Amino acid sequence: MKLKTALLGAAATLVFAPAAYAERGSDGEVKIIYWQAVSTLNPYLSSGTKDVETASLVIEPLAGFDENGVVIPRLVTEIPTVENGGVSADLTSITWRIKPGLVWSDGTPVTAHDAVFTANYCMDPAGGCAQLARYEGIKSVEALDDLTVKITYNEPRPNPYTAFVGATSPLLQAAQFANCVGAAASSCTEQNFAPVGTGPFVVTEFRTNDVVQMEANPNYRDAAKPAFAKVTVKGGGEAAAAARAVMETGEFDYAWNTQISPEVQGQMATGGKGEFIYAFGTLVERIEMNMTDPSPSLPEGERATAAHPHPILSDIRVRTALSKAIDRDVLVEVGYGNAGRATCNLVPAPAAFASDNTDCLVQDVEGAKALLTEAGWVPGPDGVRVKDGMRLKLLYQTSVNAVRQDFQSIIKQWWNDIGVEVELKAIDAGVYFGGDAGSPDTFQKFYADVEMYANNFDGTDPEPYLAHYTCEKAPSPATQWQGENVNRYCDPAYDALVVELGRTGEMDKRAELARRMNDMLTKDTMTIVPLVDRGRLSARSLSLGGVVLNTWDSELWNVSDWYRVK
Amino acid sequence: MFTFALRRFLIAIPTLLIISLAIFLLLEAAPGDPLGDVPLTVPPDVKEKMRAALGLDSPWFVRYFLWLKQFFWVEPLNLVDYIFGTDYAQGMQRVISFQSRQPVMQIIAQRVPQTLTVVGMSYLIGVSIALPIGIYSAYRQYSWFDQIGTLVSMIGFSVPTFFSGVVLIIVFGVKLQWFPSIYDTMHQVTDWESFLKQVRQMAMPVMVLSLYNAAQISRFMRSSMLDNLNQDYVRTARAKGLTETVVLLVHVLRNSLIPVVTVIALGVPTIFGGAIITEQVFKVNGLGQQLITSIHSNDMPMVMTLTFIFAILIVTFNLIADLLYGILDPRIRYD
């Protein structure tokens, strides 16, 4: 009995100990630097990470993701699942229950009607909502009562955690945004710059592309949080300067996305004021192979379309050889340091979805040469391989970016070593990713043989991402060169798997299917040659506690738990 | 003089209209896309809807005339409303930034103070250092003072601000920790202490910019003084028995200032243009920083409006420089 009391007492002390000194607003001000300055605090009008993440201090979704990618409740009592009846057995609807007694920062209650309003706000055709993908395929969003929201989908949805989950689809207050629906969305500057939310902070001053000041939300649901009374989010400059402000001068507590060269990272780490933190998500730097012929000699309209298979890269042996010639660990060391790791997977995470495909990690120059010889490419007089009078020459394009240009020149050297002539091309990122159908330089048009960029998927479910590689999603003149299947990869068996994945609800089976599809695109066909799994790198001051880097949701997802180390 | 001023003013109107069209067409023809920064995770059809919501689906001339209407009619009306509390502009679409969806003019108004305090101050300091240096260097040509002045201005002129700025940050911000490396735009001067803080945070950007400005203007001042010092009227003045101070500061200086005034006056619009690089390096976030972020994100209304305002300023200060000639040199008359 005595022991039990003592143990209970000890446990109680442990539980209450943090609460004893954690009092709302007791730790003063926390200063965050986002070198890409914040433009607006309405994530529905901007897809910029800087905007979405800063807004996440103020407005919250019903549920979010933790650092392991697990869905966690924020404004709801629990996560709806098929088991607890929150998700219907046929997977077509999901019902969320909002925590009773929850209030907005202005003191009015949060209701299911706010959620319905938010969905309608984003789904309004004239609004130009940047997060529309989160609300895709929704038949209806209705408030069953004041605290119950039911979302019905057009068809079964194995992953129903899209609308109202994650920092990209937070709840807006219906009362505040009532006059901002549709075309009026743009004119609501006041609302967009200071949304009323349920998050730990409220906006006190917003200067677009410069600075945001916030103070603790007096009505935040946890009376002891946040520990900080004020937040300043400053913008401007570049990544190195932001890192310096945390790591060397100590002017700021947290710097977002401090992607700088490993060498500079090492120098700054000796500053003694902060540390770099990193975590891995799904962002993969990769080389994409063009399966169609981009030759300028073909007429416009046929160039780089399925009508003409690529004269060199259609042979899988060539693609495999190109992958074998690359030493991914060297690339990591040069470009990313701790914030990168070599990968052979298109879907590197979550763990269940990541294939055990590691064949590509070891560089094999001799193997690559042998494969090319086997494919009929024999070294010519100048070392460049030839076959039937054609030189093995590739045009390798990417966007202008210091790391990418380093990668280009290193990979060019490796490919030269196996007898491939490489021409490099670097295109301004705005043009390359701009998607302008009139420009010959977009990554979708892919008027090159191989190209490099990075991509990831939103949230933890790779289904929409893997569905990019169906035959019909190939960019072509008919689609105004839009579409995600930039390789023009086309395999009916793959398309069938995409359909199957869309019908499968069971987690294990989904993971297995995703792994199989990942392998089809990578090691089986070498259509996509992944290089580096790029982590997120940020910097925190040693005096800032409670930071947990999260790549699945806003980086500032747990700012209510941050505190000053004393 | 008045008819001259009026004529110049009237010519300025078509000039500015042509400039606005040229800027618009250049922006239109430039590669890039306002939605280029949208992450690849956003599907193409969503992007298409976002494009339509920005009004980008209408042809270029429609957008150009819309901008003209907004800039020359809606924005002045809004200003009238703001000053007199009226509501003429109620419900009219203002020039809206693509990036933040805030009226462009509000952003500019918010940023002008930062730019004026930092860039304006550095221009003022630059000019007030440059004139005495230029005068004395010319008077004592090839003396050690002149040699050092030449050396310093060569450095100021040829070292780019993105280099000198970062060097200053590393020396004074990181190593010595005298000055903050990041400018606090929210800082309010209320008492002596906050004033000192303001001085400290302005010190580095102002230093970098005034060195650059002083270098340029002192060279102009020096050569203009040299041109005049060898003129006959200077010898006459000295022969009349005037003191060196009077000869130098009244006779020579007044004549030498004419070309320098043009240079100084034409430099004033660049103050408003901000110092793109210096503002970026020190995070001053004035008009220059806004311009460069807007260019990066292809925020066309913002870039268009800012560059056009700069064009107006340049045309205006050209006019002012011309009128100043007449005042400084009574021989110049425009009638």
Side-chain angles (χ1 to χ4, degrees), chain A residues 33 36-37 39-40 42 45-49 125-133 136 183 185-189 192-193 205 207-211 213 232 234-238 241 244-245 248-249 251-252 271 428-431 433-436 439 441 453 455-458 464-465 482-484, chain B residues 30-54 93-94 96-103 106-107 110-111 114 166 169-170 173-175 177 180-186 279-286 289-290 293-294 296-299:
Chain A
I33 184 158
Q36 282 181 13
S39 301
T40 178
N42 185 347
L45 294 184
S46 166
S47 49
T49 313
C129 178
Q131 311 298 351
L132 194 58
E136 203 203 331
S186 290
S187 55
C188 286
T189 310
N192 296 334
F193 284 2
E205 169 112 28
R207 291 197 186 163
T208 184
N209 287 344
D210 179 16
V211 66
Q213 284 196 331
T232 301
K234 169 82 178 177
E238 22 73 60
R244 194 184 299 125
E248 293 189 301
T249 68
E251 287 165 84
F252 280 79
D428 177 77
V431 177
F433 296 114
D436 176 5
S439 163
D441 289 329
Y453 63 91
N455 199 359
N456 64 331
F457 53 93
D458 200 14
Y465 188 56
Q482 303 302 314
E484 293 98 342
Chain B
D33 174 52
L35 298 174
D37 281 346
V38 171
L40 298 178
T41 46
V42 173
D45 53 319
V46 173
K47 252 176 136 173
E48 225 26 69
K49 282 180 189 146
M50 290 166 72
R51 192 183 303 275
L54 293 177
Q93 175 77 45
R94 301 183 63 176
I96 300 267
S97 152
F98 283 170
Q99 242 191 327
S100 61
R101 315 289 170 99
Q102 188 182 17
Q106 281 181 11
I107 303 176
Q110 209 172 51
R111 279 164 180 265
Q114 269 103 273
V166 174
I169 287 182
I170 287 174
V174 177
K175 297 277 179 255
Q177 308 239 337
S181 70
I182 290 170
Y183 189 91
D184 179 3
T185 41
M186 305 291 274
E279 285 190 3
Q280 188 80 346
V281 169
F282 293 99
K283 274 71 79 186
V284 177
N285 293 356
Q289 187 262 359
Q290 178 63 53
T293 36
S294 305
H296 275 313
S297 58
N298 287 291
D299 184 350

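Values reported hereafter were calculated over all heavy atoms of this structure, with side chains retained and with hydrogens, waters and symmetry mates removed. A, B, ... follow the sequence lines: proteins, then strands. Residue 1 opens every chain. Quick caveat, the model's predicted, so the values are computed rather than measured.
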Considering all heavy atoms, the nearest B/S100-A/T208 contact
CB-OG1, 3.0 Å
Does any heavy atom of chain A fall under 4.5 Å from the side chain of B/L54, the backbone, both, or neither of them?
neither
Is the backbone N or O of B/K283 less than 3.5 Å from a side-chain atom of A/K234, with the two atoms forming a donor-acceptor pair by type?
yes
What pair of heavy atoms forms the shortest contact from B/R101 to A/L45, and how long is it?
NH2-O, 3.3 Å
Please identify which of these residues, B/Q289, B/Q290, B/Q114, B/M186, meets the side-chain contact (heavy atoms from CB on, under 4.5 Å) condition with A/D210.
B/Q114
Under 4.5 Å from a heavy atom of chain B, the part of A/Q36 involved
neither
Can you tell which of A/A126, A/S46, A/A130 has the highest number of heavy-atom pairs within less than 4.5 Å of chain B?
A/A130
Between A/N209 and B/Q99 the two heavy atoms that sit nearest each other are ND2-OE1, 3.0 Å
Donor-acceptor under 3.5 Å (A/R244 side chain, B/S181 main chain):
no
Check A/G128 against B/A53 and note the closest heavy-atom contact, atom names and distance.
CA-CB, 3.5 Å
Taking every non-hydrogen atom, the tightest pair across A/T189 and B/P103:
OG1-CD, 3.4 Å
Mind listing the closest non-hydrogen atom pair of A/G236 and B/N285 along with its distance?
CA-OD1, 4.1 Å
Straight-line distance of B/R111 CZ to A/R207 CZ, nearest 0.5 Å:
9.0 Å
Which region of B/Q102, side chain (C-beta onward) or backbone (N, CA, C, O), has a non-hydrogen atom less than 4.5 Å from a non-hydrogen atom of chain A, or is it both or neither?
both
